[in-house]
Protein chains: 2
Amino acid sequence: MTAASDRVVDRLREQILGGEYAPGERLGEVELAEKLGVSRTPVRDALRRLSAEGLVDITTNKGARVVEYLRADLEHIFQIRAHVEGLAARAAATAASAADIDRLEHIATALREHSEAGRLNEVYRLNAEYHSTLNNLAGSSVVTATVGQLIHASVLLRTLHAFDDAARRRSVNHHLEIVAALRARDGDWAEAVMHAHLLSARASLLGPRRVQAPAYGDPADTPEEPE
Amino acid sequence: MTAASDRVVDRLREQILGGEYAPGERLGEVELAEKLGVSRTPVRDALRRLSAEGLVDITTNKGARVVEYLRADLEHIFQIRAHVEGLAARAAATAASAADIDRLEHIATALREHSEAGRLNEVYRLNAEYHSTLNNLAGSSVVTATVGQLIHASVLLRTLHAFDDAARRRSVNHHLEIVAALRARDGDWAEAVMHAHLLSARASLLGPRRVQAPAYGDPADTPEEPE
DNA sequence: CGTTCGTTAGTTGTGTACATTTAATCGACC
DNA sequence: GGTCGATTAAATGTACACAACTAACGAACG
């Protein structure tokens with residue numbers, strides 16, 4: 001809320017997403033308070049807020065831990081993102097101004113350069129910025145808030161598995177293709193590419209899906225299949 | 001977290017969803033603390049947690065208020081729910097046990113009776129239970145958590161506009177039809193009905209959509225249109 | 001030797017006092 | 001008479017002290 005609590009939230013979020021705290025690691029209030037030079041009160045506030053963002057799990061009388069997502073959870077997250085961000089891309093195709101699209105293209109181009117240079121930290125940062133920018137273009141705070149949480153969870157993945165070269169190129173191309181679809185004011189196209197983009201990311205990060213898995217949404221249920 | 005804080009959260013949630021606090025109404029910490037017989041600390045905790053659930057807005061140094069959703073936000077919420085709960089219904093068609101489906105049918109039947117008798121409070125409660133039960137059948141805590149927030153926002157609507165008789169009958173029939181689709185193990189069918197169910201609820205609650213609205217997802221982008 | 005119960009250290013939950021910020025009211029000046 | 005500014009009251013943010021709970025260690029008994 002106030003500057004102290006805000007700073008604690010920002011710092012902890014950065015550290016968790018940066019991998020300085022491993023999934024499942026305990027986050028003691030007193031330890032954090034000493035380390036950050038504040039009292040327990042703003043630390044408690046910050047942990048509650050991060051719990052709201054889905055980054056930590058809090059159990060009564062047992063404290064806070066960094067969240068651990070199951071493989072199935074992560075599959076569902078990308079499934080949902082594919083649909084919701086697909087809708088956002090469709091909306092952006094009609095709502096975005098030329099300047100908005102320029103801005104998005106700028107991010108996508110920078111993303112390609114950093115990707116080819118192998119600067120992964122920049123890639124992760126710009127990728128998050130690209131998606132959040134696009135979701136905002138849908139003009140819906142609900143979309144931004146809903147997907148924001150899911151994106152955080154997705155980012156926690158990055159320590160698990162890195163994209164191979166082919167997947168990285170696919171991802172870069174998707175970002176650029178979506179910009180093209182927006183310029184063409186083609187909502188169908190934009191939604192379809194975004195859908196594919198997130199399902200391909202899921203495949204790259206999680207590997208082949210187990211067919212006998214309790215399927216939440218089949219790969220075959222893609223919304224847009226005009227042809 | 002502890003019993004006191006939990007009780008405050010439950011009570012405030014009930015009061016907010018029950019309409020005892022109007023959207024936009026201020027929630028003072030001291031006032032609530034006195035009224036509930038606890039100190040400010042658990043009240044603050046509770047307000048932070050309700051903020052996480054999307055029921056209150058907290059601004060630094062300015063306190064907590066009951067959330068106010070814009071009409072556009074609510075349209076987006078139902079749009080997202082249509083997709084995500086549609087996916088959940090599809091997954092449930094393969095994952096649900098016969099006992100699960102029986103339980104769901106029991107809820108749907110009770111819902112029909114209460115609806116015909118005009119007991120709206122029971123209708124709202126059972127409707128929330130039906131959706132949350134079905135989403136849980138998808139076996140994904142992510143779906144449950146994501147949609148849970150959106151459902152809360154939807155419930156806040158109920159003071160705005162009541163279903164007319166035709167809409168109420170449609171809603172009841174949808175719930176029963178989804179049960180039938182689950183029994184048939186037909187994921188496509190279940191998803192399609194759920195999608196229609198939520199878009200029809202949106203229409204009933206929000207009235208006709210303004211065509212020139214910055215469209216986030218067109219009515220025409222329904223995923224399942226086999227015929 | 002294993003199990004169980006009690007004690008103890010550490011952690012989280014709660015209450016309260018103090019600091020800081022916000023907003024409104026009153027007064028003075030233009 | 002109106003507007004700008006300062007003072008004051010009330011709210012939230014922070015810190016610290018105490019209470020309650022958890023879990024781990026150790027001892028005693030079977």
Side-chain angles (χ1 to χ4, degrees), chain A residues 1-16 20-69 141 145 152 156, chain B residues 1-16 20-69 141 145 152 156:
Chain A
M1 303 311 168
T2 184
S5 184
D6 282 338
R7 278 183 42 238
V8 174
V9 170
D10 290 341
R11 177 138 176 71
L12 280 180
R13 186 194 296 115
E14 194 179 340
Q15 289 184 323
I16 292 173
E20 297 183 42
Y21 291 105
E25 184 168 348
R26 196 142 176 303
L27 298 171
E29 295 178 1
V30 289
E31 175 190 344
L32 292 174
E34 291 176 4
K35 195 168 296 184
L36 299 174
V38 293
S39 88
R40 273 178 58 211
T41 307
V43 172
R44 284 176 65 83
D45 258 34
L47 289 175
R48 301 298 185 280
R49 284 204 263 168
L50 291 172
S51 164
E53 293 184 16
L55 286 181
V56 306
D57 264 344
I58 297 182
T59 311
T60 304
N61 290 327
K62 289 184 66 175
R65 316 185 84 90
V66 179
V67 289
E68 281 181 301
Y69 284 104
S141 61
H152 274 153
L156 286 173
Chain B
M1 304 313 168
T2 184
S5 184
D6 283 337
R7 278 184 41 239
V8 174
V9 170
D10 290 341
R11 178 140 177 68
L12 280 181
R13 186 193 296 116
E14 193 180 340
Q15 289 184 321
I16 292 172
E20 296 183 42
Y21 291 106
E25 184 168 347
R26 195 142 175 303
L27 299 171
E29 296 178 1
V30 290
E31 175 190 346
L32 291 174
E34 290 175 5
K35 195 169 296 182
L36 299 175
V38 293
S39 89
R40 273 178 60 214
T41 307
V43 172
R44 284 175 64 83
D45 257 34
L47 289 175
R48 300 300 183 281
R49 285 205 263 167
L50 291 172
S51 164
E53 293 184 17
L55 287 180
V56 305
D57 263 343
I58 297 182
T59 311
T60 303
N61 289 327
K62 290 184 66 176
R65 315 186 83 90
V66 179
V67 290
E68 281 180 302
Y69 284 105
S141 61
H152 275 151
L156 286 173

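A, B, ... follow the sequence lines: proteins, then strands. Residue 1 opens every chain. Keep in mind that the numbers below use all heavy atoms, side chains included, and drop hydrogens, waters and symmetry copies.
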Judged by nearest nucleotide, the residue sitting upstream toward the 5' end of DNA chain C, A:Gly63 or A:Thr41, is A:Gly63

On DNA chain C, more 5' by nearest nucleotide between B:Arg40 and A:Val30 is A:Val30

OP1 or OP2 of D:dT12 sitting under 4.0 Å from any side-chain N/O of B:Arg26?
-> yes

### Presence of salt bridge, B:Arg7 and B:Asp10, under 4.0 angstrom
no

Any side-chain heavy atom of [X] within less than 4.5 Å of one from [Y]?
X       : Y       : result
A:Val43 : A:Glu34 : no
A:Glu31 : A:Arg26 : no
A:Leu47 : A:Arg44 : no

Tell me the interatomic distance from [X], atom [atom1], to [N], atom [atom2], rounded to whole angstroms.
X       : N      : atom1 : atom2 : value
B:Ile58 : D:dT12 : CD1   : C1'   : 11 Å
A:Asp6  : C:dT21 : CG    : P     : 13 Å
A:Asn61 : D:dA19 : CG    : P     : 17 Å
A:Leu32 : C:dT11 : CG    : P     : 12 Å
A:Glu34 : C:dG10 : CD    : P     : 13 Å
B:Glu29 : C:dT20 : CD    : P     : 18 Å
A:Arg65 : C:dT11 : CZ    : P     : 13 Å
B:Arg44 : D:dA11 : CZ    : C1'   : 11 Å

Measure from the side-chain heavy atoms of [X] and tell me the nearest of [options].
X       : options                : result
B:Val38 : C:dG15, D:dT12, D:dA17 : C:dG15
A:Lys62 : C:dT11, D:dT12, D:dT22 : D:dT22
B:Ser39 : D:dT12, C:dT12, C:dT16 : C:dT16

- [ ] Using modelled atom types only, decide if a donor and an acceptor are shared between the side chain of B:Arg40 and the backbone of B:Val30 within a distance under 3.5 Å.
- [x] no

